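Working notes for the structure below.
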Amino acid sequence: MDEKKKKKIKTIKVDVDKCNGCRACEVVCSAFHAAPKYSSNNPARSRIRVIREPLRDIYVPVYAGENAKAECMGRDKYVIDGKEYEECAFCRASCPSRDLFKEPDSSLPLKCDMCEGEEEPWCVKWCQVDALTYEEREEEAEEEVKPEDVEIGLEALVDKYGLEQVMDTVTRLSLSKKG
Ligand code: SF4
Ligand code: SF4
């Protein structure tokens with residue numbers, strides 16, 4: 001029996017209540033991604049940033065996600081436990097509206113790569129208060145349809161029923177799908 005392909009899903013769970021804003025995660029992330037590795041650290045190059053407002057007792061670690069080419073039209077405003085957060089505060093995108101998650105010298109977007117090649121992400125290892133927890137799980141992957149498989153299938157149909165018959169059926173099917 002065919003075994004379905006599995007894909008590994010990596011997640012870092014953030015417990016905002018535990019974060020004390022120490023910024024160790026930012027330091028180690030930037031050091032891990034420095035060239036050469038660990039040669040320097042600069043939180044501005046980190047792929048995790050801690051939204052930090054000590055006076056209002058706000059510390060929220062946010063991971064860099066996908067790059068957004070354009071600024072989005074809608075903004076979110078969050079009020080949690082009576083504290084109001086800046087618009088865009090929790091957004092993970094590197095986008096034209098702000099400097100967050102951009103390499104300071106080149107302005108190229110930064111994205112968390114889960115410390116590729118490491119058993120456990122560095123930010124998780126360095127967080128002394130367990131505000132960050134690493135989790136891995138497996139999910140069944142969608143079957144990938146390869147173009148060559150479709151071709152082989154079509155060839156077999158053409159051999160059996162003839163090209164004209166196959167073309168008629170495909171046309172009929174596509175018309176009925178269009179409604
Ligand atoms: S290392 Fe942990 S406690 Fe320190 S800022 Fe990062 S998430 Fe918060
Ligand atoms: S998982 Fe690695 S790349 Fe991602 S933020 Fe943490 S230290 Fe940086």
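Keep in mind that this is a model prediction, so the values were computed, not measured. For ligands, and for the atoms within them, numbers begin at 1 and follow the listed sequence.
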Can you report which non-hydrogen protein atom sits closest to [atom], along with the distance?
atom                    : result
atom 5 (S) of ligand 1  : Arg23 N, 3.1 Å
atom 8 (Fe) of ligand 1 : Cys19 SG, 2.4 Å
atom 3 (S) of ligand 1  : Asn20 OD1, 3.3 Å
atom 6 (Fe) of ligand 1 : Cys25 SG, 2.4 Å
atom 4 (Fe) of ligand 1 : Cys22 SG, 2.3 Å

Quick check: is [Y] connected to [X] through a chain of hydrophobic side chains (ILVMFWY, heavy atoms under 4.5 Å apart)?
X     : Y     : result
Val50 : Tyr85 : no
Ile58 : Ile80 : yes
Tyr63 : Ile51 : yes

Counting from 1, what ligand 1 atoms have a heavy atom of [X] closer than 4.0 Å?
X      : answer
Val129 : 3 (S)
Pro61  : 7 (S)
Val50  : 5 (S)

* Under the salt bridge (charged side-chain N to carboxylate O under 4.0 Å, His left out) test, which residues partner Lys10, sequence neighbours left out? ->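 Partners of Lys10 under the salt bridge (charged side-chain N to carboxylate O under 4.0 Å, His left out) test: none.
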
- Which word best sums up how the rings of Trp122 and Phe32 line up, parallel for under 30°, tilted for 30 to 60°, or perpendicular for over 60°?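 Because their plane-to-plane angle lies in the 30° to 60° range, the rings of Trp122 and Phe32 count as tilted.
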
Between Glu118 and ligand 2, which part of the residue brings a heavy atom under 4.0 Å of the ligand: side chain, backbone, both or neither?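 Neither; nothing of Glu118 gets under 4.0 Å from ligand 2.
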
Listed as residue and atom, the protein N/O/S atoms under 2.8 Å from atom 4 (Fe) of ligand 2 are Cys112 SG

Take atom [atom1] in [X]; do more than 12 heavy atoms of anything else shown fall under 6.0 Å from it?
X      : atom1 : value
Glu164 : CD    : no
Glu86  : CD    : no
Glu138 : CD    : yes

### Query
Does any N, O or S atom of Cys127, backbone or side chain, fall under 2.8 Å from atom 2 (Fe) of ligand 1?
yes

Applying the salt bridge (charged side-chain N to carboxylate O under 4.0 Å, His left out) test to Arg137, which of Glu135, Glu139, Glu140 qualifies?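 Of all the options given, the one that passes is Glu139.
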
What part of Val14 sits under 4.0 Å from ligand 1 if we count only heavy atoms: the side chain, the backbone, both or neither?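 Within the 4.0 Å criterion, Val14 makes no contact with ligand 1.
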
The side chain to side chain donor-acceptor pair (under 3.5 Å) partner of Arg45 among Glu103, Glu26, His33 is Glu103

**Message:** So is His33 touching ligand 2 or not, going by heavy atoms under 4.0 Å?
**Reply:** yes

message = Rounded to the nearest 0.5 Å, what separates atom CZ in Arg47 from atom OG in Ser94?
response =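 If I round to the nearest 0.5 Å, the distance is 11.0 Å.
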
* Quick one: do Arg92 and Glu66 make a salt bridge, cutoff under 4.0 Å? -> no

